[in-house]
Amino acid sequence: MSGPIAQGDGVLATVGATPLVELTRIEARSPFRVYAKLEAANPGGSVKDRSALAMLLGKIRDGTLVPGLSVVVESSSGNLGIGLAQVCRYFGLRFVCVVDPRANTQNVAIMRAFGAEVEVVTQTDPVTHEYLPVRIRRVRELVAAIPHAYCPDQYANHLNALAHETTMREIVDGLPGPLDYLFCPTSSCGMLRGCAQFARRHGLDVRIVAVDAAGSAIFGDTPRPRLIPGHGASVRPPLFREGLADDVVHVDDLGCLVGCRRLVAHEAVLAGGSSGAAVAAVAVRRERIPAGANCVLIFPDRGERYLDTIYDDDWVSANFGDVAHLWQAGELDPRLSTTV
Ligand SMILES: Cc1ncc(COP(=O)(O)O)c(C=O)c1O
């Protein structure tokens, strides 16, 4: 099957074509098969490398973005910022990234190492008490103030979604059989929309399960503070459309944590919080998945970005108490996660 690919040169040529591996242990007692799409294998360490490349490459090649003149400005909690920082470094573009205090220090250090300028907003929005609206306002101010500034606007940019038609094509091409279930962590809705678009266009008989954060507004949950960044959004993104997902599972912070810790314990995969959420979502839907079904979980990023949170025992006990038995016990208790 063919699909649109933003193909870069040099290190950017290694964006995409990530491994699809079978996980035989995490759902060992279930009659279906589980595969993980390891997006950590992208050169910037996450699925957002695909979006960054797709949103910038065309504009660089057609001369809209000019090295030494244009300035890319974007709001990111980390992964997109790193992806954009890498693409901008490669092409010699100035990049200003607006983050909030929830962005982890390692991600900010990586962006800076690529040469990005990072601005941290410190106040939450007085109405929603969230950082995201403040970050978006600050991006608009910077775009208005900086000559030749360009904001890719991942939440509304159709190229963000288009990039993931390739992700879905790789999944379909890489599976030994038909794709029956896709568990897709969701934030800007780029990944969800791109995968769904590909599935519809090719008439695939796949059930797409959006994995959202409890307390995220994407699918109508009441926004509330969350500890683990990555998936979820406090505002419904413009890329969202009704009907993209066949099903939605909301996973709370503890569900993410337990999913991640079980993943590393059973499969030796050190993955980020939204990957743990995908693992938790499968556990929640376990009884509904038919025997023999092929389930693919997209694992958006790597666990190294969560060493001082999810994989730090002191952070875990400070935020959740004594919960280690939840992953040492084997089965993930679906009651840990709230579902809609
Ligand atoms: C770790 C992680 N998981 C999931 C997502 C959701 O992807 P999307 O923005 O395509 O919905 C993101 C997006 O930044 C992410 O960084």
Side-chain angles (χ1 to χ4, degrees), residues 18 36-42 44-55 74-85 97 99-100 102-104 106-107 110-111 132 135 152-168 182-198 208-213 216-219 226-241 244-245 248-251 253 256-257 259-260 263 270-281 297-306 309-310:
T18 52
K37 183 73 170 156
L38 300 181
E39 290 299 305
N42 282 302
S46 89
V47 71
K48 300 303 283 194
D49 287 9
R50 295 176 187 266
S51 308
L53 192 60
M55 291 191 293
E74 181 59 295
S75 159
S76 166
S77 67
N79 284 329
L80 181 70
I82 292 171
L84 290 172
C97 191
V99 304
D100 66 49
R102 289 198 315 157
N104 80 37
Q106 191 203 21
N107 285 3
I110 294 169
M111 283 187 243
L132 184 61
R135 276 172 24 198
D153 190 6
Q154 62 158 330
Y155 295 98
N157 190 329
H158 79 281
L159 293 173
N160 176 17
L162 199 61
H164 295 291
E165 296 206 19
T166 308
T167 314
M168 189 65 152
L182 180 75
F183 286 81
C184 181
T186 301
S187 177
S188 69
C189 294
M191 197 157 39
L192 176 66
R193 185 157 163 181
C195 291
Q197 280 173 185
F198 184 93
I208 298 182
V209 183
V211 180
D212 198 7
S216 156
I218 302 172
F219 291 92
R226 291 168 276 122
L227 290 173
I228 297 174
H231 62 310
S234 57
V235 179
R236 176 174 282 176
L239 281 180
F240 174 88
R241 293 286 181 279
L244 289 177
V248 184
V249 178
H250 285 90
V251 180
D253 286 327
C256 287
L257 166 71
C260 285
L263 199 52
L270 192 71
S274 63
S275 309
V279 168
L297 286 59
I298 300 180
F299 284 179
D301 68 353
R302 54 179 58 152
E304 282 91 331
R305 293 186 177 161
Y306 305 80
T309 55
I310 290 169

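Computed over heavy atoms, backbone and side chain alike; hydrogens, waters and symmetry mates excluded. One-based numbering, in listed order, for ligands and for the atoms of each. All figures in this text were calculated on a predicted structure; none of them were measured in a lab.
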Rounded distance (nearest 0.5 Å) linking atom SG of Cys256 with atom OH of Tyr306: 9.0 Å

Side-chain polar contacts of residues 186-198 - donor-acceptor pairs under 3.5 angstrom, sequence neighbours left out - could you list them?
unit_1 : atom_1 : unit_2 : atom_2 : d
Thr186 : OG1    : Cys184 : O      : 2.9
Ser187 : OG     : Gly232 : O      : 3.0
Ser188 : OG     : Asn160 : ND2    : 3.0
Ser188 : OG     : Gly190 : N      : 3.1
Arg193 : NE     : Gln197 : OE1    : 3.2
Arg193 : NH1    : Leu239 : O      : 3.1
Gln197 : NE2    : Glu165 : OE2    : 2.7

Pairwise, report which nitrogen or oxygen atoms of ligand 1 are under 3.5 angstrom from protein nitrogen or oxygen atoms, and how far apart they are.
unit_1   : atom_1 : unit_2 : atom_2 : d
ligand 1 : 3 (N)  : Ser274 : OG     : 2.7
ligand 1 : 9 (O)  : Lys48  : NZ     : 2.8
ligand 1 : 9 (O)  : Ser188 : N      : 2.9
ligand 1 : 9 (O)  : Ser188 : OG     : 2.6
ligand 1 : 10 (O) : Met191 : N      : 2.9
ligand 1 : 11 (O) : Ser187 : N      : 2.7
ligand 1 : 11 (O) : Ser188 : N      : 3.1
ligand 1 : 11 (O) : Cys189 : N      : 3.0
ligand 1 : 16 (O) : Asn79  : ND2    : 2.9

Give the intermediate values and the outcome of side-chain contact (heavy atoms from CB on, under 4.5 Å) for residues Asn79 and Val47. CA-CA 8 Å; Asn79 284 329; Val47 71; over 6 Å; no

Please list, chain by chain and in numerical order, all residues satisfying side-chain contact (heavy atoms from CB on, under 4.5 Å) with Ala36, sequence neighbours excluded. Val21, Leu23, Leu38, Phe299

Among all residues two or more places apart in sequence or in another chain, which pass the side-chain contact (heavy atoms from CB on, under 4.5 Å) test with Thr18? Lys37, Glu39, Ala41, Asn42, Arg50, Glu170

If you take all heavy atoms of Asp301 and Ser46, which pair is closest and at what distance? CB-CB, 3.7 Å

